[in-house]
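Chain letters run A, B, ... following the sequence lines, proteins first and then strands; every chain starts at 1. The model shown is predicted, which means the values in this text are computed figures rather than measured ones. When reading the values below, keep in mind they use all heavy atoms of this one structure, side chains included, and skip hydrogens, waters and symmetry mates.
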Amino acid sequence: MTADSSKNERYNARQAEARWQKVWSERDIFATKNDDPRPKYYVLEMFPYPSGRIHMGHVRNYTMGDVVARFKRAMGNAVLHPMGWDAFGMPAENAAIDRKVHPKSWTYDNIAAMKKQLQSMGLSLDWAREVATCDPAYYKHQQKMFLDFLKAGLVERKQSKVNWDPVDQTVLANEQVIDGRGWRSGALVEQRELTQWFFKISHYSEDLLKALDTLERWPEKVRLMQKNWIGRSEGLLLRFMLDPATTPNKENELEIFTTRPDTLFGAKFMALSPDHPLSQAAAKKNPKLAEFIEQCHRMGTAQAEIETAEKLGFDTGMRAIHPFDRNWTLPVYVANFILMDYGTGAIFGCPAHDQRDLDFVNKYGLGNTPVVCPPGQDPKTFVITDVAYDGDGTMINSRFLDGMTIEQAKEEVAKRLETETRGNRPVAQRQVNYRLRDWGISRQRYWGCPIPIIHCEKCGVVPVPENDLPVTLPEDVTFDKPGNPLDHHPTWKSVRCPKCAGPARRETDTMDTFVDSSWYFARFTDPWIKTAPTDRKTVDEWLPVDQYIGGIEHAILHLLYSRFFTRAMRKCGLVGMDEPFSGLFTQGMVVHETYRAKNGEWIEPANIKIEGIGDARRAMVAATGEPVEIGSIEKMSKSKKNTVDPDDIIAAYGADTARWFMLSDSPPDRDVIWTEEGVQGAWRFVQRLWRLVGEIANIQAPAVRPQNLGESAIKVRKAAHRALAHVSEDIDKLRFNRCIAHIYEFANALGDAIGNIEKAPDDGLSWSLREAGDILVQLFHPMMPHLAEECWAALGHKTLVASEGWPKVEPQLLIEDTITLPVQINGKKRAEVTVNRNATNKEIEAAVLALDAVKKALGGQSPKKVIVVPQRIVNVVV
RNA sequence: GCGGACGUGGCGGAAUGGUAGACGCAAGGGACUUAAAAUCCCUUGGGAGAUUUCCCGUGAGGGUUCGAGUCCCUCCGUCCGCACCA
């Protein structure tokens, strides 16, 4: 190939990408050894659900992870960068119902298809560690851990009210109910009473909350969301005596939880949850109350209903005695807004300082007494009508609390009541409550990990013996009727009891698929070990994951469950740490314009033609010219048909172009708008780099560095090393958009320098350009690995750039001999001054005062002040 | 209702309290070409001016500072999370 022909030849991404992928795979350069002595770095992207095709969100996510992996590898780390499949879940069952394919074959076909797609992206993954959660070799260990957790007291079976998804016909965890709807089906969730298996995540409430502070490399937003979700509140558990004359049964007290014991003298009523035992007991003797409770149960849990629901109550006739005044009794209501599963399911109501309580008393005419007076208010004139006051202030109308602050009053009430006893127990005790509930994991589905439990009529709940694990899913199941196919299976569930050998029944519920994803990161450290979920030594070497990357949608669900699971695993001796992910990054979504035809139908971008710009911008169906409306920019979704298929993009432009575009423009934590123009820009740059490298490769340059380098040579070296310093820092901080800007800048500088090479005698410029060419290729290698290999080879290297070390910055090249400082007069830029790098502030000041612009501004006067900020700016105050 | 984030050209966005608009996209002009594509060069926040240059400008209004897109206060707007949690 002659120099001229190589100049004009376009880079054939399709051909080159396949070729380099083959080379990487044949030389197995991304395999990670577990006994590698170099410092470890574990980079992980949230593994995908094998839906069948990757989408642009995957491309963005995995590109970011791959940039980090390739960079850290070049930096000399032993990098673990694995991939697997979150392979259990509903869509496989839906496919079975709709298309009569078995969930297993559907899933594995999808895995094969998506693996091929991921491989076409050129990701530097260690595929030898691939795991699929639906593989018995994987879920066997999950079943074992379930039994370990059970032994450790972290699993519990209890009857409880659960979220029931009527469409998916299964139970959902609280975290999986979004706005009152199932996170997957979108159906309005109903309440049902069922016996379920629970992981006792609430056992770790305090620890999960406290440890958030240690997760310094997590986004503040995610930490805050978890903090709010755990919802810690401090208060008082307080026992009210009931007036025996008013109670239908022999109950004599009512325990409530409050965070506002200071407002005790503003109490106007007590309220019980409809599900409270006292309500239930009273209802047995009072049909009207029973009816009221029924009515409460009928009320939906949907967001809209709760928002508009009126506060309703039913007076039970019972009276509670005020803890500080035996002669003061309060009516006991059953109220629809009291939740049974928070606190004790009962409250005292202080209407003046709680909006709900105020709404309630205003409906039932119970009145209110303000007990906290806002600062600056006259207590005598301070009244509450429709708006409760929940701010700070001074205690009033509260006997011995009067004049105290809220905090003092809380303390005083607690002190008095916790030392008072009734029936050998203190009347009150301080308590911390959490919003976080235990994690219900039972799902009435087929395609999930079977819960390894046997129910025996005689022995009760019996764990499956370890030797019998895994409990595998039967393959001969039918999906012709609603409900759980495991339950319908003719034989699978009938077994012998491991204890008494009598007839018994298998648990037919399977585990929530979030269990599968709660420990896969640990399995990757040694996916080959058969006897245990992890090899203790290996897992402790690799974990925690140094950089975890995924969507913000898992801020609570997956990320909280995994934190719990790691703690539970530690308790069972399986890992040596509490936190699974020391660094977390949540990337933004890939969004795209939407297009809608006159008939309301959404049209795919691939079928759209755009004409005009700005206000004149019009969209039409490419084939027919039919005009369509350009809609809002939204997350790529099938329903709005605004998706772009990664396969199409890779076929048209190559993976490197797609990767490059994904990283450019938007900061990685924000949404990126996919545009055809942007992709074409990325593609043009691929070609430009190829031409640029081709030109550099054609330069005749000395093999060794010339003794003396001229000005233009040094300029090139400075540009290279400045880019190197910036890109290194920016990758390290995951600021990929800035990396890309710096690479553009560097490429522009090189282009200019090449233009000069024939104009002047070679003063080392040719050598510097060859050096800079190498650096350029190494810098863009993490983002565009195929093009980088092709360029690396074109520059005459026999190695793979993917296996090269990261170039070293020469710090002296980052320093200029002279610096140009902006000169401000009264804070506005008026001039510039160029001084020696080592000039003292005095010298700089003198140079500045000698400037014409400054002299003019001063008009012969001396300045009030001259501020010299070294290396930055000079400000003259006139 | 509670909590949080954000607001910068035509667009995506740069900017440790220190030259606002890097870099990219789009647009306009030019070169090359029979022509187009591709490529290369120039221009591109608004306004005034022939030039040097000047004025205005980071949602609005105040404040702190020699200096504010950045810090503080008030307001407006957008987005996100939670939501009858006592």
Side-chain angles (χ1 to χ4, degrees), chain A residues 8 10 178-180 219-222 224-229 231-233 235-236 256-260 263 271 273 299 301 303 305-307 309 311 335-339 341-350 353-357 359-360 390 433-437 552-553 555-556 613-615 617 660-661 664-667 669-673 675-682 684-685 687-688 691 735 737-748 751 755 820-832 853 863-869 871-878:
Chain A
N8 297 329
R10 290 201 143 199
I178 315 291
D179 292 344
E220 196 55 49
K221 183 187 167 79
V222 174
L224 192 70
M225 280 168 72
Q226 291 210 355
K227 186 183 166 202
N228 291 339
W229 188 262
R232 181 184 201 274
S233 56
L236 211 58
I256 61 100
F257 174 76
T258 178
T259 56
R260 294 296 301 273
T263 63
S273 162
M299 197 183 69
T301 50
Q303 175 195 11
E305 289 179 68
I306 287 171
E307 259 179 10
K311 306 274 175 282
N336 64 352
F337 62 97
I338 309 300
L339 306 172
D341 47 6
Y342 186 81
T344 62
I347 61 151
F348 83 83
C350 175
H353 306 289
D354 182 294
Q355 192 59 47
R356 289 160 305 177
D357 296 350
D359 293 346
F360 189 79
D390 60 2
N433 256 311
Y434 301 91
R435 223 185 63 111
L436 183 66
R437 310 287 154 71
I552 186 81
E553 66 272 18
I556 292 171
I613 51 153
D615 291 343
R617 204 161 163 274
W660 185 259
F661 177 63
S664 58
D665 287 356
S666 286
D669 53 341
R670 276 197 230 169
D671 292 351
V672 64
I673 306 171
T675 62
E676 189 62 24
E677 294 85 354
V679 178
Q680 280 173 7
R684 279 199 300 270
F685 188 58
Q687 297 298 338
R688 206 171 115 210
R691 280 194 309 274
R735 297 186 296 217
N737 57 322
R738 297 206 331 192
C739 281
I740 276 170
H742 283 122
I743 290 170
Y744 269 115
E745 236 168 327
F746 180 29
N748 290 345
T820 300
L821 296 175
V823 175
Q824 294 184 333
I825 294 168
N826 290 336
K828 288 195 176 181
K829 193 201 160 195
R830 284 292 181 267
E832 282 180 350
K864 278 192 194 142
K865 207 174 182 182
V866 179
I867 293 141
V868 178
V869 184
Q871 313 290 315
R872 278 282 171 204
I873 203 166
V874 181
N875 191 10
V876 181
V877 186
V878 179

Base, sugar-phosphate, or nothing for A:G681, non-hydrogen atoms under 4.0 angstrom?
sugar-phosphate
Scan A:S664 against the nucleic acid and name what it touches under 4.0 Å (heavy atoms): base, sugar-phosphate only, or nothing.
nothing
Under-4.0 Å side-chain N/O to phosphate OP1/OP2 contact, A:R684 with B:rA26
yes
Locate the shortest heavy-atom distance separating A:F257 from A:G343; write the atom from each residue and the value.
CB-CA, 4.0 Å
NA contact type, A:N875, heavy-atom cut-off 4.0 Å: base, sugar-phosphate, or nothing?
base
For B:rC79 and B:rU8, measure between their P atoms and round to the nearest Å.
14 Å
Specify the residue among A:V877 and A:A682 whose closest nucleotide of RNA chain B lies further upstream toward the 5′ end.
A:A682
For A:R872 and A:P822, which heavy atoms make the closest approach, and how far apart are they?
O-CD, 3.2 Å
Does A:F360 have A:K311 sitting over its ring (NZ/CZ under 6.0 Å from centre, angle to axis within 45°)?
no
B:rC32 to B:rA37 separation - C1' atoms, rounded to the nearest Å:
13 Å
Rounded C1' spacing from B:rA50 to B:rG59 in Å
38 Å
Taking atom C1' in both B:rG21 and B:rU70, what distance in whole Å separates the two?
15 Å
Grab the stems for RNA chain B, please: at least three consecutive Watson-Crick or wobble pairs, both distances below 3.5 Å, written as range with range.
B:1-7 with B:76-82, B:10-12 with B:23-25, B:27-31 with B:39-43, B:45-48 with B:53-56, B:59-63 with B:71-75
Heavy-atom closest pair, residues A:I338 and A:A271
CG1-CB, 3.9 Å
Nucleotide nearest A:T258 when distance is taken to its side chain, options B:rA86, B:rG67, B:rG12:
B:rA86
Does the side chain of A:R435 get closer than 4.0 angstrom to OP1 or OP2 of B:rC2 through an N or O atom?
no
Between B:rC40 and A:R691, is there an OP1 or OP2 to side-chain N/O distance shorter than 4.0 Å?
yes
Phosphate-side-chain proximity, A:K828 and B:rA68, N/O vs OP1/OP2 below 4.0 Å
no
Looking at every non-hydrogen atom in both residues, tell me the closest pair between A:P863 and A:V876 and how far apart they are.
CB-CG1, 3.8 Å
With a non-hydrogen cut-off below 4.0 angstrom, is A:S233 in contact with a base, only sugar-phosphate, or nothing?
sugar-phosphate
Can you check the distance between B:rG10 and B:rU44, where both ends of the measurement are the C1' atom (answer in whole Å)?
11 Å
So, is A:R10 close to the B:rA38 phosphate, meaning a side-chain N or O under 4.0 Å from OP1 or OP2?
no
Quote, to the nearest angstrom, the P distance that separates B:rU39 from B:rU51.
33 Å
Under 4.0 Å between a side-chain N or O of A:Y744 and OP1 or OP2 of B:rG24?
no
Which way is the base of B:rG9 turned, syn or anti, if we draw the line at 90° from 0?
syn
Starting at the 5' end of RNA chain B and moving along, which residue's nearest nucleotide shows up first, A:V874 or A:R688?
A:V874
Can a side chain N or O of A:N737 be found less than 4.0 Å away from OP1 or OP2 on B:rA14?
yes
Between A:F685 and A:Y744, how do the two ring planes meet: parallel, tilted or perpendicular, split at 30° and 60°?
tilted
Please determine if a side-chain N or O atom of A:N748 lies less than 4.0 Å away from the OP1 or OP2 oxygen of B:rG24.
yes
Using a 4.0 Å heavy-atom cut-off across all strands, classify A:K865 as base, sugar-phosphate, or nothing.
sugar-phosphate
Sticking with atom P, work out how far B:rG24 lies from B:rC41, rounded to a whole angstrom.
11 Å
Using the C1' atom on both, measure B:rA48 against B:rG61 and round to a whole Å.
28 Å
